[in-house]
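These numbers come from the heavy atoms of this one structure, side chains and all, not from hydrogens, waters or symmetry mates. Labels below follow one simple rule: chain letters A, B, ... track the order of the sequence lines, proteins then strands, and each chain is numbered from 1.
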There are 2 protein chains.
Amino acid sequence: MRYSIQEVAAKTGLSSYTLRYYDKAGLLPFVARNAAGYRIFTDGDLVLLHTIMCLKNTGMAISDIRRYIDDVMAGPTSIEDRKALLTAHRAKVLAKQQALTENLREVDYKLGLYAAPDAVAQVQGELAAARADKAANGLADPYPVV
Amino acid sequence: MRYSIQEVAAKTGLSSYTLRYYDKAGLLPFVARNAAGYRIFTDGDLVLLHTIMCLKNTGMAISDIRRYIDDVMAGPTSIEDRKALLTAHRAKVLAKQQALTENLREVDYKLGLYAAPDAVAQVQGELAAARADKAANGLADPYPVV
DNA sequence: ATAAACCTTAGAGTGTGCTCTAAGGCAAGA
DNA sequence: TCTTGCCTTAGAGCACACTCTAAGGTTTAT
């Protein structure tokens, strides 16, 4: 099957602007053109585009995705570079996942506090502590009077 | 304890530029000033700054963090808004975590392929399939000859 | 008193990833 | 043939989160 840029946009959820931007950035060197210069995507192109979106969705920079695509275009000789690229990327994603989980725990703690039956009392306690901290340092109270 | 902007920068890992940017964006209305206009941070301020970094690290936009800080300044009357804000944020973070995990599985699949003993053969197979896909659609082969 | 090292502000500049506009070519139906 | 609606490009514009510069005031040590 052959697909126009709008069809690919509909299939992937990317805008046609974004697809052209990716092409301009060197991410789509494999996409063919017809006699008029229109892009013609094939199913194989969609598989590669899926990989690109996968890397993008895990936070890889466009410049690094480009390096990966250059590797794919180069064939089997680039396997070592692909491995290095993806291994480094994988480590970054794992670190990000862990940080996300830790930070989310704190958000959950706050949410638990706000959902507690004595939420008002607890929040008032926090506010009192913050005011005491300012007073102990000889600083004005920045919290509006309730 | 009282801390200068540089001391807070060293403690948090944020630059002094970023701290001033956050202040300008309304994220630090609770930070006091001395007679000369210098910012004076207290330990209580660092707790709030930690919360700000926690929200930032989970991908919350500055404008939403500002709304949360406005809530904190307003005291217990804003508990419902804080709950709404954090609940919505939590859902987004969970969705992001899940997407990250799914996309990482595909990266891992690719890595497994490249690490396999027959990696070269598999990559050559992929390349052959991509070339066949182009040929089947009457399109030129974009892959350089090896 | 003066130099060095802080701090302040306003506002300009940067990097990333889009997002859109303008000007024009191509395709298909009335 | 004309209109409508695609497609193309180059390049401008935008949103976000910083990051830095310039000009000037403050603090501290010598």
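- Going from atom OH of A:Y68 over to atom CG of A:L86 covers 5.5 Å, rounded to the nearest 0.5 Å.
- Between B:Q6 and C:dC6 there is no side-chain N or O to OP1 or OP2 distance below 4.0 Å.
- For B:R33 and C:dT9, the shortest distance from a side-chain N or O to OP1 or OP2 is below 4.0 Å.
- Side-chain N or O atoms of A:S78 include none that pairs as donor or acceptor with a backbone N or O of A:D81 at under 3.5 Å.
- Side-chain contact annotation: B:D43 with B:Y3, donor-acceptor N/O pair under 3.5 Å present.
- In this structure, CZ of A:F41 is placed 10 Å from P of D:dC7, rounded to the nearest angstrom.
- Taking only side-chain nitrogens and oxygens, B:R39 comes nearer than 4.0 Å to OP1 or OP2 of C:dT8.
- Closest to the side chain of A:Y38, out of C:dG11, C:dG25, C:dT19, is C:dG25.
- At whole-Å resolution of the value, CG in B:L19 and P in D:dC20 are 14 Å apart.
- In this structure, B:Y22 reaches the D:dC18 phosphate: one of its side-chain N or O atoms is under 4.0 Å from OP1 or OP2.
- Note: CG (A:N57) to P (C:dG17) measures 13 Å, nearest angstrom.
- Contacts of B:S16 with the nucleic acid, taken as non-hydrogen atoms under 4.0 Å apart, are absent.
- At whole-Å resolution of the value, OH in A:Y17 and C1' in D:dA15 are 17 Å apart.
- Of the two residues contacting DNA chain D, namely A:G37 and B:Y21, the nearest-nucleotide position lying further toward the 5' end is that of A:G37.
- A donor and an acceptor atom, one from each side chain of A:T51 and B:E106, are nowhere located under 3.5 Å apart.
- Rounding to whole angstrom units, CD1 of residue A:I5 and C1' of D:dG5 are separated by 15 Å.
- The residue A:A35 sits apart from the nucleic acid: no heavy atom pair falls under 4.0 Å.
- Between A:D23 atom CG and C:dC18 atom C1' the separation is 15 Å, expressed in whole Å.
- Atom CD1 of A:I40 is separated from atom C1' of D:dT8 by 13 Å (rounded to the nearest Å).
- Side-chain proximity of A:I62 to C:dA27, D:dT8, C:dC18: nearest is C:dC18.
- For the pair B:I65 CD1 and D:dA17 C1', the interatomic distance rounds to 11 Å; values are reported in whole Å.
- If you check every strand for non-hydrogen atoms under 4.0 Å, B:A25 touches nothing.
- Nearest nucleotide to the side chain of A:K24, out of D:dC18, D:dG11, C:dG11: D:dG11.
- Checked by atom type, the side-chain pair B:D133/A:T42 shows a donor-acceptor distance below 3.5 Å.
- Under the 3.5 Å distance criterion, the side-chain polar atoms of B:R90 are left unmatched by any main-chain donor or acceptor of A:V107.
- Residue A:R20 is classed as a base contact, given a heavy-atom separation below 4.0 Å to a base.
- Along DNA chain C, the nucleotide nearest A:A61 and the nucleotide nearest B:A36 are compared for position; the residue whose nucleotide lies closer to the 5' end is B:A36.
- Remark: A:S4 is not in phosphate contact with D:dC6, judged by side-chain N or O atoms under 4.0 Å from OP1 or OP2.
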